[in-house]
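First the proteins, then the strands, lettered A, B, ... as listed; each starts at 1.
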Number of protein chains: 2
Amino acid sequence: MKVSTQEAAPAFPFADGIFPAGCPSRIVLDHVTSKWGVLILVALSEGPQRWSELRRRAEGISEKMLAQTLKTLEADGFVRREAQPIIPPRVDYSLTVSGQELAALLLPLVSWIAGHADTIVGRSARKAAGAGD
Amino acid sequence: MKVSTQEAAPAFPFADGIFPAGCPSRIVLDHVTSKWGVLILVALSEGPQRWSELRRRAEGISEKMLAQTLKTLEADGFVRREAQPIIPPRVDYSLTVSGQELAALLLPLVSWIAGHADTIVGRSARKAAGAGD
DNA sequence: CCGGATCCTATACGATACTG
DNA sequence: CAGTATCGTATAGGATCCGG
């Protein structure tokens with residue numbers, strides 16, 4: 001077993017394979033890391049929001065994908081949907097406790113990316129010279 | 001601006017839209033959250049590894065996707081590739097500093113998912129009753 | 001052993017139109 | 001306003017063969 005710089009946990013938890021193909025973790029990971037999953041979860045981490053609000057926040061999302069993503073996240077227990085039987089309809093989406101935990105892990109990731117993306121794609125565009133760091 | 005339960009930072013950094021469609025952040029996010037991106041980065045966070053090792057770790061990945069994912073991550077400056085001109089070839093992949101930073105953010109996420117996936121898909125399978133939490 | 005090239009399929013996704 | 005239904009397309013991704 002190898003011991004490198006980044007050591008805190010007793011043992012690397014994914015030493016022999018991240019996890020098996022098709023296992024529940026893979027499924028959830030795919031849901032979360034779907035094209036819009038991260039964006040929706042991050043958007044909702046600010047607080048409950050309506051459908052139309054989410055559409056604006058996740059710029060570029062189609063109605064179909066918003067519906068599909070929300071449904072998946074709701075089925076996974078990350079998002080709660082509350083519809084009010086009024087005309088015109090009003091539906092609020094919010095994070096469950098589980099969803100808040102997840103979003104709390106996603107926010108640093110998204111922030112990091114937001115802070116480094118320009119450098120990264122800049123380097124990509126320059127054809128990725130030789131030195132990575 | 002709304003103030004709800006989860007308030008800690010001075011201001012929510014993604015208050016009016018996560019970030020614009022097609023911007024560098026979106027591109028990098030898509031690379032990282034591609035089907036195999038997370039798995040490869042997490043796998044490499046344990047230390048440098050060879051092609052064949054990565055294939056085992058990321059169970060179920062095809063050669064094509066491994067090559068493609070590694071190339072993308074390398075172009076983004078997250079992964080370093082070192083090929084030794086010997087027969088048979090030996091190629092080692094490792095994380096750059098940037099890649100290590102990213103992986104450090106990914107690990108908690110993957111660990112959390114690994115710890116909750118069974119509950120989550122269990123609930124999903126039971127048709128997602130009514131209460132999310 | 002490490003991949004590149006090619007072909008093919010599944011499906012994720014977007015655009016549009018329609019409904020309660 | 002908040003969706004659903006349908007269709008068409010782009011592309012992600014897998015299988016296989018080949019080459020250094």
Side-chain angles (χ1 to χ4, degrees), chain A residues 18 20-23 26-41 43-44 48-76 79-94 124 127-128, chain B residues 18 20-23 26-41 43-44 48-76 79-94 128:
Chain A
I18 312 305
C23 78
R26 287 276 185 103
I27 296 172
V28 174
L29 183 63
D30 279 350
H31 291 177
V32 173
T33 64
S34 72
K35 178 160 190 177
W36 300 104
V38 176
L39 283 310
I40 296 298
L41 287 168
L44 280 175
Q49 278 157 81
R50 302 181 61 178
W51 165 280
S52 44
E53 180 92 6
L54 286 172
R55 271 210 83 183
R56 288 196 309 98
R57 291 290 188 86
E59 189 192 312
I61 195 171
S62 65
E63 299 193 335
K64 176 181 174 178
M65 289 319 297
L66 180 54
Q68 183 175 307
T69 304
L70 283 170
K71 213 173 293 185
T72 302
L73 294 177
E74 190 192 355
D76 284 345
V79 166
R80 179 177 28 241
R81 178 182 185 275
E82 278 163 304
Q84 300 177 35
I86 58 176
I87 300 293
R90 178 193 172 98
V91 183
D92 285 277
Y93 292 92
S94 55
S124 270
K127 296 301 289 172
Chain B
I18 312 304
C23 79
R26 287 276 185 103
I27 296 172
V28 174
L29 183 63
D30 278 350
H31 291 176
V32 172
T33 63
S34 73
K35 179 160 188 176
W36 300 104
V38 176
L39 283 311
I40 296 299
L41 287 167
L44 280 174
Q49 277 157 80
R50 303 181 58 181
W51 164 281
S52 45
E53 179 92 6
L54 286 172
R55 269 210 84 183
R56 290 195 308 97
R57 291 291 187 87
E59 188 192 312
I61 196 172
S62 67
E63 299 192 336
K64 173 180 175 180
M65 288 319 296
L66 180 53
Q68 183 175 305
T69 304
L70 283 171
K71 210 173 297 183
T72 301
L73 294 177
E74 190 192 357
D76 284 345
V79 165
R80 178 175 31 239
R81 178 181 185 276
E82 279 162 304
Q84 301 178 34
I86 59 175
I87 301 292
R90 178 193 172 97
V91 183
D92 285 276
Y93 293 92
S94 55

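Distances from the side chain of Met65(A) to the nucleotides dG14(D), dC1(C), dC13(C) place dC13(C) closest. When distances run from any side-chain atom of Val91(B) to the nucleotides dG3(D), dC2(C), dG14(C), the shortest one goes to dC2(C). Among the nucleotides dC1(C), dG14(D), dA2(D), the one closest to the side chain of Pro89(B) is dC1(C). Closest to the side chain of Ser52(A), out of dA2(D), dG4(C), dG14(C), is dA2(D). Proximity note for Arg81(A) (side chain, C-beta onward) versus dA2(D), dG14(C), dG3(C): the nearest is dA2(D). When the nucleotides dC2(C), dG14(C), dG13(D) are ranked by their closest atom to the side chain of Lys64(B), dG13(D) comes out on top.
If you find the closest nucleotide of DNA chain C to Gly60(A) and to Arg50(B), the one lying nearer the 5' end belongs to Arg50(B). Across the interface with DNA chain C, nearest-nucleotide mapping of Ala67(B) and Pro88(A) shows Ala67(B) to be the residue nearer the 5′ end. Both Glu53(A) and Gln68(B) sit near DNA chain D, but only Glu53(A) has its closest nucleotide nearer the 5' end.
Side-chain contact between Leu39(B) and Thr69(B): absent, with no pair of heavy atoms (C-beta onward) separated by less than 4.5 Å. When side chains are defined from C-beta on, Gln84(A) counts as touching Asp92(A), because their heavy atoms get closer than 4.5 Å.
Put simply, Lys71(B) has no side-chain N or O that comes within less than 4.0 Å of OP1 or OP2 on dG3(C). Side-chain N/O atoms of Trp36(A) include one lying less than 4.0 angstrom from OP1 or OP2 on dG14(C). Distances shorter than 4.0 Å separate some side-chain N or O of Tyr93(B) from OP1 or OP2 on dG3(C). Contact annotation: Arg90(B) does not reach the phosphate of dC2(C) (side-chain N/O to OP1 or OP2, under 4.0 Å). Listed pair Ser34(A) / dA12(C) fails the phosphate criterion, with no side-chain N or O lying under 4.0 Å from OP1 or OP2. A close approach under 4.0 Å does not occur between any side-chain nitrogen or oxygen of Arg55(A) and OP1 or OP2 of dC1(D).
Atom pair Trp51(A):CH2 and dT19(C):C1' shows a separation of 14 Å (rounding to whole Å applied). The interatomic distance linking Glu82(B) (CD) with dC2(C) (C1') rounds to 16 Å, in whole Å. Summarising the geometry, the separation between CD on Glu63(A) and P on dC18(C) is reported as 14 Å, rounded to the nearest angstrom. Here dG20(D) presents its C1' atom at 16 Å from CD of Gln84(B), a figure rounded to the nearest Å.
Using a distance-only test at 3.5 Å, with no hydrogens or angles considered, no donor-acceptor pair links the side chain of Arg57(A) to the main chain of Ile40(A).
Looking at Arg56(B) and Glu53(B), a side-chain N of the basic residue comes within less than 4.0 Å of a carboxylate O on the acidic one, giving a salt bridge.
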